[in-house]
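Just so we're clear, the structure is a prediction, and the values are computed from it rather than from any experiment. Order of listing sets the numbers, starting from 1, for every ligand and every atom in it. Each residue takes its place number in the sequence, starting with 1. The analysis underlying the following values was restricted to heavy atoms, covering all of them including side chains, and did not include hydrogens, waters or symmetry mates.
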Amino acid sequence: MAPAATISFFGTGSGFPSGDRFFSSCLLRFRGLHLLIDAGEPCVHLLENRGSLLRDIDAVLITHGHVDHIGGLPALLQGCMLRERTKPLPIYLPLEMIAPVRAWIDALYLTEEGLGFAVIWHPWLNGEKVEIQGTLTVTPKRNLHLEQCYHPLPRADMARPCDSFSLEIVAGDFCVFFSGDLSSARDLVTLLPTSSKTDAKSVTVLICELSHFSAEELAEVLREASVETLCLVHLSEEYAESRSSLQLQMEELLPEIKDVLIPEDGESLDF
Ligand SMILES: [Zn+2]
């Protein structure tokens, strides 16, 4: 039977520079749709390496404005232009990012008019489901990651919006949940469907970061959730160095989860 979805992990690294891991981006293929989730560097090269995807991707979904999740976007737009894309490109992202990102593109001597295709900027609205081509829905769910990372910085503007989102993507019984970056594993308590909620829906695949909290903290939260497969990405440097023991540890902590996977950069998984 053909898989419902394929997720290609382009970059599974954290925000730390790494010799062997790229920044966050992955490609979700679902019934002919191609969605790029986060646009960390060097997503343009990784899409180019997979055929004509620069012309074909249907939308870009950005979880938040940290550079390891959005830094590859201008090069992606330039690549689409050079590969003569004509199809409009919807980009979903936090509202407060739209004006600065447009100014950034302008600063790089690109003009939206000169790209040769329309860029359609869509702000995420917390909890508001977006339908993509009648094939699936994406619900952005606000988490506390950016607030926690930004507000403690020297001279941070406390009035500045700090929206960062986890994304729930649903089509029928299939549900893939991208944690994005979180402030702590506890963010997931209110974001994930849980067995105690009456509208409980099981998550087919949870793509979860593991650099802002421990494996034990995550396991504690996931014991209450209904998750079939767990994919760990965006590992802290410490976990990245002990991947096989991390996998064993999570399997022991969460025996009810069917599969615990730690994908490599470039790996594609069918679900
Ligand atoms: Zn982040």
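- Nearest N/O/S atom of H66 with respect to the Zn ion (ligand 1) is recorded as ND1.
- At distances below 3.5 Å, not a single donor-acceptor pair connects side-chain atoms of Y92 with backbone N or O atoms of V130.
- H145 has its closest N, O or S atom to the Zn ion (ligand 1) at the position named NE2.
- Checked against the 6.0 Å centroid criterion, the rings of F174 and F30 qualify as a close aromatic pair.
- With respect to the Zn ion (ligand 1), D181 has OD2 as its nearest N, O or S atom.
- For the pair R85 (side chain) and C80 (backbone), a donor-acceptor distance under 3.5 Å is absent.
- Between the K87 side chain and the D56 main chain, a donor and an acceptor come within less than 3.5 Å of each other.
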